[in-house]
Each structure stands twice: as structure tokens, then as C-alpha cells.
Amino acid sequence: MITQGLSRSKVILATAGTMLALLLAALDQTIVGTAIPRIVADLNGLDRLAWVTTAYLVTSTTMTPIAGKLGDLFGRKPFLLVGMIGFVTASALCGLSQDMTQLIVFRGIQGIFGGVLFATVFTVIGDLFPPEQRGRTAGLFGGVFGLSSILGPTAGGFITDHWSWRWVFEVNIPVGIVAVLVVAAGLPYVRSKASWRDIDFWGAATLAAGVVPLLIALTITRDHAWTSPEVSGLLALAAVMIAAFIFIESRVEHPIVPLQLFKNSTFTVSMVVGFLTAFGMFGSILFTPLVFQGVLGISATNSGALITPMMFGLLGASTVTGFVMRRIKYYRFLGTIGVAVMIVGMWLLSQITPTTPEWRVVADLIVVGIGLGVTFPLYLTAVQVALPRHFMGVASSQIQFWRNLGGTVGSAILGAVLANRLPGNLTAQVTALHLPPQLSNSLPKGGSANSILDPTLLAKLPPAFVHAIRVALSDTLHDIYLFAGLVLIVALVSTVFLKEVPLSDAPAAGAGAGEAVPVDEEEREEAVATA
């Protein structure tokens, strides 16, 4: 452990700096969304709007596993500092963008450094703390992630309204400067014997060549059919390159993703659960605004505020789980309970109708947030203690990678469910009204969620027609939440196959009160072998 012999104040300083780095990267994911309409109006790039988000998603997700491996080879501190400096520089460039093309390019660059940060910050937990303290710290880091989801949309809206959308990016500069200074002063650097010859360049190249077209294919399913040449072609390319990646990884000395890790049940189960629970997370976050605005008829501003309690549930459950898990022998059942709570939350959300009170929806979201919050520190800590220390960066970054991938796949599939079911439900509800043909023809064409939420259009329709639209949307969301719940049932079954590795180690003789306790690596690896 890098903290052996460090004072308590140094450990606290290093932890604070790492939390600031996480806040920097996580806040950017939520703060930009509220500024998008103003950006489009200023830069005249409506046709390329989606790429502002897609560019960041693709590059950050692709970079995460690569940065995790490089951190294992060369140490965490250089990558954390480079990640923050690069992220802040790219943020400044985003704020200076003069057209949509520049913004998309700079967002892609920002995503590269964002991937470095996400791969590194959670790994530092394993470097700074012994196993018995990692769950608690991971819970606090999960709280920071949840806090960014709460502050981001509100801060983005305030900054955009009172200053300029450019300051949504520039606000990262002061936060980043403070984070760089704190990490530089507090986080120790461990010298490595690795050299550039140990880098798996072919593995990194084929991984990027497989993940990039996969993510692009999934994100363009919003306006392209799954069978379209664009989507099918990108998926075919991704399959070929991922196959090449697996072939290379099985033959190199220092692979980006060591395939033997998947033989460890704790690692594999954690990846599967992280991937599948992302369905539930994105199902809630992505489609709940449709519940508030489309089904209940609440304004966009108020609907954003009503989603906030979900993040409080996530933050609280994440923090509590981190404190509790080291006191429970069979801590895998915490994950089982968490996923079960998410399933209950999904079922409750599926029961929402146009007459459901707002507080009920908020309560349902809190339930989902609590269940999701339990899984954040649990599986990160389990993976870190279940593998030898030299896999710390790979293991931690894989958690983030599979969650991001699961969220992207889930968004695409659930979006396809919405697009396929909504037109039929709209037609059925309007037909049941037995309206005159000329009035029925005023139904929004295409049956897209965006078209039926147009306030100007809805104001021109009779109340019975508007109610039929809201019922059709609630019926469609019913199917979406049930589908996400079915996916979570697979995650629920997976949780019971997790094998616990002890989270507590005996303090080393002579360890002072202000010193970190080293871990007996031989004992840890023996426990891993039995897992």
C-alpha cells in the first residue's frame, strides 16, 4: 500500500484531492445537459446536437480500461494529475468553441481525460486504504458521484441563465486547479520499473477500434433502425475488432484486460451486476422526465427538481453500505437486497398513471436510488480485495467500463421499446375515443415522445385527446420499466454467486495510530485463490 508510513493528515489530503478529481469529472456529465438548448441557439448546430454528448461518452468509455492498466504499470499519481490538467484544458477549449464542430472535437478530447480520471480515482481508494476501510471510503466517493448529479443540473441552469453557457465549461478551471494542487501535495508517487515496452499498444488499438463503433452504433439507434446499414455495419466492425482484441489479449505479456480475471467469480459477478443494474439506473434517469412531463403534465423545470430525491437515496445508501459491509460476514447479500429494492422500485414506477400523485413518483425514485446506491461501494470493494494488488487499476476501471457500457446498451434497447410501443398505444387510445376523423388526424405524426410533449401542440388539442396521449405514454413506460425490471432479475440471480473475500486484516505490529495498516499480500492472494 502506498500509505504505509504516511501521516493521517497526508492521507486525508490525498483523499480530498481525489474526491475533487471525481467531482470534476462527474459534475461535467450532468452540468452540460441544461446548457444544450442555449449552445444550439448560439452555435447553430441542431443537426449535430447529439454528438456533443456522444463524443464525450465514446472517448471516456474507451479510455477507462486503458488508463486503468497504465495506472497499474506506471503509478496512479501521474495519471491523476495528467487527467485533471488535460480535463481542465479541454474544458477551457470547449468554452472557447466558435462552432459546433470545434465543440464536438473538444468534448471528445475532454472525454479522453475524463476516462483517465474515472479509471484512476476509484483505484486510489485501494491504494490509500486497507480492505476493511475501503467500503466506507467507496461509499463516500459514491456520495460525491450522487452529489454531482444533484448539483449539476441546478448549477448548469443557473450559470447558463445568469452568465453564459461557456461558463458551464469554464467553471471546471478553478475546481481543477485546486484539485491538482491538493493531489500534487498529498498523494505520494510510487516509482515503477515498467517501461513503454510493457504497454499493450495492439490491445489498446483493437479495444478502441471495437468499443468506438459499438458505442456509436448504440447511440445512433435513436434516429436509425437497428437493421439500417449504418447500425449493422458499425456493429459488425465492432464484433470483428473485439474478436481481434480477445485474440491479442490472450497472447501478450501485459494485456490491457487480462482475460484470466474472468475466471475469478467475484470479478465476473461484479461486472455482470454492474452492467445489468445500469439498465435500471438509466431506465429511471432517462425516462422519468417523460413520466413527469408527459404523463403527469409537470413543467420541465419542476420535473428536474423532482428527480433530485432519487440521488439523495443513492447517496445515503452508498454511504451506509460502505460503513456496514465490513461488519457483515456474508456481505454479498447486501447486493442481493440492493438489486431486489431496485426491482421493487421499477415495479412501482411501472404502475404510474396520469392520476398518480407527484409524491408517489418521487417516493418510487427514492426506492430505486436506495437500491442502486447499495451496489456502488459493494462491488468496487469486493473486486479490489478479491484480486492481487497489481490488478487494482484494471479491476477498478473495469467496474466503471461495464457500467458505462451497460448504460449505453440499456438506453438504446429501452429507447427502442419506447419507439416501437408508443405509436401503437397512441393509436389504440385515440381510437377508443371515437373522435371525428378530422380531429383524429391531428394526432402527432410518428408517435415520438418529443412530438407529443410539445406544449404548443398540446394546448391546441381537446382535454380528452390530451388525456388519451398521456395514458398511451404511461402504458408505454409501463412496458419499459417492466422490461428493465426483468433485466434486473437476472442481476438479482447473479448477486448470489459472489464469493466473499475477507475485508478485514490484522494490524501490523508497531503500526502507529496515524499510520496506514499494510495488508498481508500473501494472505490476500491465498484467499483470492479459494474464491
Side-chain angles (χ1 to χ4, degrees), residues 3 8 11-27 29-30 117-118 120-154 179 270 273-274 277-278 280-281 284-285 307-342 344-345 362-385 396 399-400 403 495 498 500 503-504 516:
T3 53
R8 182 178 180 83
V11 174
I12 293 174
L13 189 64
T15 305
T18 309
M19 281 186 168
L20 281 173
L22 174 61
L23 181 65
L24 183 70
L27 195 61
Q29 290 187 325
T30 57
L117 291 180
F118 276 119
T120 308
V121 291
F122 290 102
T123 310
V124 171
I125 296 174
D127 290 337
L128 291 176
F129 298 95
E132 65 268 22
Q133 296 180 16
R134 289 178 197 166
R136 178 178 61 188
T137 311
L140 295 175
F141 273 61
V144 171
F145 197 88
L147 184 64
S148 69
S149 299
I150 297 171
L151 296 178
T154 303
S270 298
V273 174
T277 52
M281 179 175 72
S284 302
I285 295 174
I307 299 176
T308 300
M310 174 186 172
M311 295 306 168
F312 280 114
L314 186 153
L315 191 156
S318 178
T319 305
V320 171
T321 300
F323 278 87
V324 169
M325 65 178 294
R326 72 187 182 97
R327 294 177 170 84
I328 300 176
K329 181 178 181 181
Y330 299 109
Y331 57 80
R332 71 175 182 272
F333 292 117
L334 288 174
T336 305
I337 294 171
V339 176
V341 170
M342 285 188 70
V344 172
V362 173
D364 298 346
L365 288 173
I366 293 175
V367 172
V368 175
I370 291 173
L372 183 62
V374 171
T375 67
F376 270 27
L378 176 65
Y379 293 104
L380 175 66
T381 305
V383 164
Q384 287 185 344
V385 300
S396 303
I399 286 278
Q400 307 309 315
R403 278 181 179 156
T495 61
L498 185 76
E500 296 95 344
L503 298 181
S504 60

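Since we're looking at a predicted model, the values are computed, not measured.
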Sorted by first residue and then second, give each salt bridge (Lys or Arg N to Asp or Glu O under 4.0 Å) pair with at least one member in residues 363-384; sequence neighbours left out.
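Checked against salt bridge (Lys or Arg N to Asp or Glu O under 4.0 Å) - neighbours excluded - the pairs reaching residues 363-384 are Arg360-Asp364.
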
Could you list all the salt bridge (Lys or Arg N to Asp or Glu O under 4.0 Å) pairs where at least one residue sits in residues 372-383, not counting sequence neighbours?
none

Which atoms form the tightest heavy-atom contact between [X] and [Y], and what is the distance?
X      : Y      : value
Gly373 : Pro377 : O-CD, 3.2 Å
Leu498 : Ser270 : CD1-OG, 3.9 Å
Leu378 : Met325 : CD1-CE, 3.5 Å

Please tabulate, for the side chains in residues 333-340, all donor-acceptor contacts under 3.5 angstrom to protein atoms that are two or more places apart in sequence or on a different chain.
{"unit_1": "Thr336", "atom_1": "OG1", "unit_2": "Thr495", "atom_2": "OG1", "d": "2.8"}

What's the separation between atom CZ in Phe118 and atom CZ in Arg403, rounded to the nearest 0.5 Å?
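So the gap between those two atoms works out to 11.5 Å.
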
Any residue meeting side chain to side chain donor-acceptor pair (under 3.5 Å) with Thr277, in chain and number order, not counting sequence neighbours:
none

Step-by-step side-chain contact (heavy atoms from CB on, under 4.5 Å) determination, Val383 to Ile399
CA-CA 8 Å; Val383 164; Ile399 286 278; 4.1 Å; yes

Hey, are the side chains of Leu380 and Ser396 touching, using non-hydrogen atoms and a 4.5 Å cut-off?
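A side-chain contact under 4.5 Å exists here.
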
Is there a donor-acceptor pair under 3.5 Å between the side chain of Thr321 and the backbone N or O of Ser318?
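No; zero donor-acceptor contacts below 3.5 Å.
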
Expected list for residues 16-23: side-chain donor-acceptor pairs under 3.5 angstrom, two or more places apart:
{"unit_1": "Thr18", "atom_1": "OG1", "unit_2": "Ala14", "atom_2": "O", "d": "2.8"}

